[in-house]
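These notes are about the structure you will find just below.
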Amino acid sequence: MFEIRWAQLHDANILGFVHTQSYRDTYKGIMPNDFLQKFSLDKRVKCFELSLSQGIEQIAIMLVSGITVGFMMITPPNDFSKSQTEISAIYLLKQYQGQGYGKCLLDWGLARLKELGYKKVILWVLQENKDAIRFYERQNFEFDGTEREIFRGINLRQKRYQK
């Protein structure tokens with residue numbers, strides 16, 4: 001049995017743990033190990049505390065049998081378009097991937113965004129993250145031709161997908 005709900009400030013510690021662990025697992029072999037080791041639990045907890053206390057992002061949290069296994073962050077648009085928003089992060093612990101939980105979390109978030117009046121959702125994916133690209137494409141996200149370079153210990157390319 002699973003539950004998805006909006007995260008509260010008291011969830012910051014567990015969100016920090018899930019993000020640190022899933023980030024390191026997801027990007028192992030893509031980002032340098034020393035960069036991944038600097039992606040620390042303490043820093044992530046502080047970021048979640050700030051975000052949740054100030055309402056910077058909306059964060060959905062997923063629990064399976066009462067255990068937090070994933071989350072999704074939605075960032076309000078930074079342009080003048082009120083019809084578009086961005087999923088800035090979606091992560092699941094590795095042992096819960098490939099079981100349909102990611103699709104459930106994404107579907108839940110997309111339904112909430114539709115209720116809020118958003119007509120378009122964008123997200124960025126590292127071009128080396130082939131599993132994530134396949135996942136989003138199966139969920140009918142399409143690459144819109146936009147790319148950007150980011151630095152995560154090395155220069156990497158991200159592709160923008162939209163639905």
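For this chain, numbers begin at 1 and follow the sequence in order. The model shown is predicted, which means the values in this text are computed figures rather than measured ones.
A ring-ring contact (aromatic ring centres under 6.0 Å, His included) check over residues 49-75, counting only residues at least two apart or in different chains, returns the pairs H19-F71, F48-F71, F71-Y91. Counting only residues at least two apart or in different chains, ring-ring contact (aromatic ring centres under 6.0 Å, His included) contacts with residues 144-163 comprise F143-Y161. Within the structure, the salt bridge (Lys or Arg N to Asp or Glu O under 4.0 Å) test picks out no pair touching residues 35-46 (sequence neighbours left out). Screening residues 54-71 for side-chain hydrogen bond (donor to acceptor under 3.5 Å, both in side chains), with sequence neighbours left out, gives S51-E57. Pairs engaging residues 6-17 under the salt bridge (Lys or Arg N to Asp or Glu O under 4.0 Å) rule: R5-D11 [sequence neighbours left out].
When all heavy atoms are compared, the tightest approach of L123 to I87 is CB-O, 3.5 Å. Minimum interatomic distance between Q95 and Q99 (heavy atoms only, all atoms of both residues): O-NE2, 2.6 Å. Heavy atoms only, all atoms of each residue included: L105 and A60 are closest at CD1-CB, 4.3 Å. Nearest heavy atoms, A7 versus L15: CB-CD1, 3.8 Å.
One distance of note links NZ of K120 with CD of Q162; it measures 4.0 Å at 0.5 Å rounding. The line from OH of Y27 to CG of N33 is 15.0 Å long, rounded to the nearest 0.5 Å. Separation of atoms CG (L113) and CD (E86) is listed at 11.5 Å; rounding is to 0.5 Å. Separating the CD1 atom in I59 from the OG atom in S88 is a distance of 8.0 Å, to the nearest 0.5 Å. Note that CG of L116 is 9.0 Å distant from OG1 of T85, once rounded to the nearest 0.5 Å. Interatomic distance, CD1 of I154 versus CG of L156, reported as 4.5 Å (0.5 Å rounding).
When hydrophobic clusters are built by joining Ile, Leu, Val, Met, Phe, Trp and Tyr residues whose side-chain heavy atoms come closer than 4.5 Å, directly or via intermediates, W6 is grouped together with I4. Tracing side-chain contacts under 4.5 Å through hydrophobic residues (I, L, V, M, F, W, Y), one reaches I150 starting from I90; they form part of the same cluster. When hydrophobic clusters are built by joining Ile, Leu, Val, Met, Phe, Trp and Tyr residues whose side-chain heavy atoms come closer than 4.5 Å, directly or via intermediates, M72 is not grouped with W124. Both V18 and Y101 are assigned to one and the same hydrophobic cluster, defined by single-linkage of ILVMFWY side chains at heavy-atom distances under 4.5 Å. The cluster map of Ile, Leu, Val, Met, Phe, Trp and Tyr, joined by side-chain heavy atoms under 4.5 Å apart, puts I74 and L50 in different clusters.
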Practice task
Give the intermediate values and the outcome of side chain to side chain contact (heavy atoms under 4.5 Å, CB included) for residues I14 and F17.
Solution key: CA-CA 5 Å; I14 192 64; F17 169 77; 4.2 Å; yes
Item checked: Stepwise side chain to side chain contact (heavy atoms under 4.5 Å, CB included) check, L110 with V121 -> CA-CA 8 Å; L110 292 172; V121 177; 3.9 Å; yes
Open item on the list: Before you tell me yes or no, could you show the steps for E49 and L9 under side chain to side chain contact (heavy atoms under 4.5 Å, CB included), namely the whole-Å CA-CA distance, both residues' side-chain angles and the distance that decides it to 0.1 Å?
Closed with: CA-CA 6 Å; E49 287 173 342; L9 185 56; 4.3 Å; yes
Stepwise side chain to side chain contact (heavy atoms under 4.5 Å, CB included) check, S22 with K94: CA-CA 6 Å; S22 59; K94 187 174 185 136; over 6 Å; no
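Annotation: side chain of V64 is not in contact with side chain of M1 (no heavy-atom distance under 4.5 Å). Between R157 and L126, every side-chain heavy-atom pair lies at or beyond the 4.5 Å cut-off.
The backbone N or O of Q139 lies less than 3.5 Å from a partner atom in the side chain of K163, making a donor-acceptor pair. Without hydrogens or angle criteria, Q97 side chain to L92 main chain gives a donor-acceptor distance under 3.5 Å. Between the side chain of R160 and the backbone N or O of E147 there is no donor-acceptor pair closer than 3.5 Å.
The aromatic ring centres of F39 and F35 sit 6.0 Å or more apart.
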For residues 127-135, run the donor-acceptor check on the side chains, cut-off 3.5 Å, and write out each pair with its distance to 0.1 Å, sequence neighbours left out.
unit_1, atom_1, unit_2, atom_2, d
N129, OD1, A132, N, 3.3
K130, NZ, Q127, O, 2.9
D131, OD1, R134, NH2, 2.3

